[in-house]
Q: 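Pasting a structure below so you can have a look.
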Protein chains: 2
Amino acid sequence: MSRRNESAPIDRPTTGRPTLADVAARAAVSTATVSRCLNSPDLVQAETLDRVMTAVRELGYMPNFGARALAAKRTQTIGAIIPTMENAIFATGIQAFQEALRDAGFTLLIASSQYDAAVEEEQIRSLIARGADGLLLIGYHREEAIYQFLERHGIPCVIAWAYDGSIPRPAIGFDNRGCMAELAAEVLRRGHRRLGMISAETAGNDRARERVAGVRQAMREAGLADDALTVVETRYSFENGRKALDALMSRSPRPTAVICGNDVLAVGAIQAARGLGLKVPEDLSITGFDDIELATVVDPPLTTVHVPHRRMGSRAARLLIDLINGEPAEGAVELHPEIRMRGSLGPAPA
Amino acid sequence: MSRRNESAPIDRPTTGRPTLADVAARAAVSTATVSRCLNSPDLVQAETLDRVMTAVRELGYMPNFGARALAAKRTQTIGAIIPTMENAIFATGIQAFQEALRDAGFTLLIASSQYDAAVEEEQIRSLIARGADGLLLIGYHREEAIYQFLERHGIPCVIAWAYDGSIPRPAIGFDNRGCMAELAAEVLRRGHRRLGMISAETAGNDRARERVAGVRQAMREAGLADDALTVVETRYSFENGRKALDALMSRSPRPTAVICGNDVLAVGAIQAARGLGLKVPEDLSITGFDDIELATVVDPPLTTVHVPHRRMGSRAARLLIDLINGEPAEGAVELHPEIRMRGSLGPAPA
DNA sequence: AGACAAGATGTAAGGGCTTACATTGCGTTT
DNA sequence: AAACGCAATGTAAGCCCTTACATCTTGTCT
């Protein structure tokens, strides 16, 4: 008679998922002890721990997340809602965010809102219903009621990809307006006087709005009239960048430089310019924003604003975890992107 | 005295999330009725329904996901584990998958495994612990024990991005080897006799392995010796594509065509070729695989295999939902990608 | 009018886990 | 040797839902 047979509990169910009770029975301890082995192993004697963990392994036991969340009122899960996963803009930052969370024992749940406020709201509810201990959201702009809702539920929330010192909310990001103004100033310094801008849709997107405002600000500072700028709004995609550039170039007089709200649009714009037989930057300068990997892959490489995505992601994680643990968090954090001068920006044609 | 005050329950807790019981009290019904209003509204009288839904709204009630999962033993949630979110390869397909799921009332949970089998396994467990009703996995290759584990737990699972008629498992994908063989045949037809290949790491990646096998198959069929092909393995990224091309070109004799395991590597390769002063396709032909949007953005545009990502995603969703509902599912589905001939492939230099 | 079916609602038993509190068994202290 | 404190473990009360079953109302049929 093998010892293994002896120690197997009589009534071990052979069907369905094993539960804490099954493990407890097999290890001949109470469910409380099994729970402790799993959650705070230092409270339990080495020998007992060993016996329990063996049983866990033998049964292939896996705690039921729902039950655990119900009993413990926390889930070690945090949720992030990003506008889109279709392009690389958020990928790097979120990746870093996830890595930092994992190091701290948290799991990340990601949802994408397609830049739609109603979808975002639904997803906030869904993530909270799923027991998210905290949330990462992109940009400040959303209905006040949502913030109140989060507050009422005691769900900490960090804003990323935007920074506004005047808003007292945990955030990590950068001054979209200021960065874009800086870049636009560089463009103007090169003699460009008629500008085009391809922006993301500004409705419900404060980052896009701020970037447009940044260009206008630089223009005012350079003494240019508002009508020296033509703005086209479109959704992020190569294809839309192409179309938008065609639209800008069909106007007269043509702009000599086109500032794009992000790199994806800028790459589309470069391609369209090539299609029109325009040389970049000799005939037309084009700039981007974000500095995704693609920016150095196109020809000519893109002059753009380098956003420190990885740093933003990992600090967002730290910020959020501090908030969840009730530790003193550092409030809003401002990062300082730098302009990367590359081949797509040149002097205005004579 | 306002009616509102009258109808408010005495002991309505003012703190924390409202529960079913709070709603029930406020609407003066039992918790069972509230539950029915939420889950099968047609079982309940219109007037009662109205009263309950009003209470739900007034309290901002939101069911607790964990409790619901515990009680109902299903979650209307399905999980997907993809190798990476860093590039666009899976983005489109997953997007379509998610949309189809949403239409059917399911929520998608996404995890990324970084092409690491151990991470994938951990994530499978985590998704199941979270109560996923079904799973989407990429490619067939993983330990048999994992499939048994899923079976034991009764979790339906669909494989995507790969199709192998000889494996009796619900799947939707395409014949990676066959498609690549077809493309390679086109390359050979143009007179190329010394080939290079930049592949993803083949360890634990059956799609990558199959694609390499496809190239070899085409070569054998054309009567070429195995050593006419040099393969470099690397992880997916522009940067790695660049380095790999440099490596291939430092050999002698140089290949006249480089077949890449996917479009991201191919774009990197094109860029590196430009850096070496090589003209594509006059001096060197380069091909990709996937036909992501980027393929038409580079210069020259990429000859590649067009994978119908959206179709694959939405049919994967249907397949999985059928399995979950115990309906007769259609087993493995084979899609037929087409080769897209573009500028990056030309005749072998004289 | 009485019997009965069908529809609407209520009652209460779990579902798997965590954790406050109770119990047990030691080694120490005096 | 009695008293005590502490470490290790057990007991059992929830956490918030869903749902089988019981109960109560109506309306219909004969």
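Within every chain, numbering begins at 1; the chains are lettered A, B, ... in the order of the sequence lines, protein sequences first and strands thereafter. Every heavy atom of this structure was used, including side-chain atoms; hydrogens, water molecules and symmetry mates were not.
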Q: Would you mind writing out the side-chain donor-acceptor pairs for residues 144-161 of chain A within the sub-3.5 Å range, not counting sequence neighbours?
A:
from   : atom 1 : to     : atom 2 : distance (Å)
A/Y147 : OH     : A/Y140 : O      : 2.5
A/Y147 : OH     : A/R142 : NH1    : 3.0

Q: Looking at every heavy atom in both A/I138 and A/F90, which two are closest together, and how far apart are they?
A: CG2-CE2, 3.8 Å
Q: Less than 4.5 Å apart, side chain to side chain, heavy atoms only: is that true for B/I82 and B/F97?
A: no
Q: Over how many whole Å does the gap from B/N64 atom CG to D/dC17 atom P extend?
A: 6 Å
Q: Looking for any heavy atom pair under 4.0 Å, which part of the strands does A/S35 touch: base, sugar-phosphate only, or nothing?
A: base
Q: Where along residues 38-54 of chain A does a heavy atom come under 4.0 Å from DNA chain C, residue by residue in number order?
A: A/N39
Q: Less than 4.5 Å apart, any side-chain heavy atom of A/L108 and any of A/I94?
A: yes
Q: Working note: A/L137 + A/R169, criterion side-chain contact (heavy atoms from CB on, under 4.5 Å); need CA distance, chi angles, decisive distance, verdict.
A: CA-CA 12 Å; A/L137 300 175; A/R169 220 177 260 303; over 6 Å; no
Q: Check every strand shown and say whether A/T19 touches a base, only sugar-phosphate, or nothing at a heavy-atom separation below 4.0 Å.
A: sugar-phosphate
Q: Scan residues 109-132 of chain B for pairs that pass ring pair (Phe, Tyr, Trp, His ring centres under 6.0 Å), counting only residues two or more places apart or in two chains.
A: B/Y115-B/Y236
Q: Using five pairs at each end of the helix from C/dA1-D/dT30 to C/dT30-D/dA1 to define an axis, what is the angle between those two axes, to 10°?
A: 50°
Q: What residues, two or more places apart in sequence or in another chain, satisfy side-chain hydrogen bond (donor to acceptor under 3.5 Å, both in side chains) together with A/R310?
A: A/E99
Q: What side-chain donor-acceptor pairs closer than 3.5 Å can you find for residues 121-136 of chain B, not counting sequence neighbours?
A:
from   : atom 1 : to     : atom 2 : distance (Å)
B/Q123 : NE2    : B/S112 : O      : 2.9
B/R130 : NH2    : A/T77  : OG1    : 2.1
B/D133 : OD1    : B/T75  : N      : 3.2
B/D133 : OD1    : B/T75  : OG1    : 3.3
B/D133 : OD2    : B/T75  : N      : 3.2
B/D133 : OD2    : B/Q76  : N      : 2.7

Q: Applying a 4.0 Å non-hydrogen cut-off, can you work out what A/F65 is touching in the nucleic acid: base, sugar-phosphate, or nothing?
A: nothing
Q: I'd like the 5' and 3' limits of the part of DNA chain C contacted by chain B, with heavy-atom contacts below 4.0 Å.
A: C/dA8 to C/dG16
Q: Check the phosphate of D/dT9 against A/S30, side-chain N and O only, distance under 4.0 Å to OP1 or OP2. Yes or no?
A: no
Q: Which residues pass the side-chain hydrogen bond (donor to acceptor under 3.5 Å, both in side chains) test with B/D206, sequence neighbours left out?
A: none
Q: Specify the residues of residues 68-75 of chain A, ordered by number, for which at least one heavy atom lies under 4.0 angstrom from an atom of DNA chain D.
A: A/L70, A/A71, A/K73
Q: Without decimals, in angstroms, what is the distance between A/R36 CZ and D/dG10 C1'?
A: 7 Å
Q: Does the side chain of B/Q98 come within less than 4.5 Å of B/T107's, by heavy atoms?
A: no
Q: Sequence neighbours left out, what pairs pass side chain to side chain donor-acceptor pair (under 3.5 Å) with at least one residue falling in residues 28-44 of chain A?
A: A/S30-A/T33, A/S35-A/N39
Q: If the condition is side-chain hydrogen bond (donor to acceptor under 3.5 Å, both in side chains), which residues does A/N64 pass it with, not counting sequence neighbours?
A: none
Q: Could you note down all residue pairs passing side chain to side chain donor-acceptor pair (under 3.5 Å) where residues 317-327 of chain B supplies at least one of them, sequence neighbours left out?
A: none
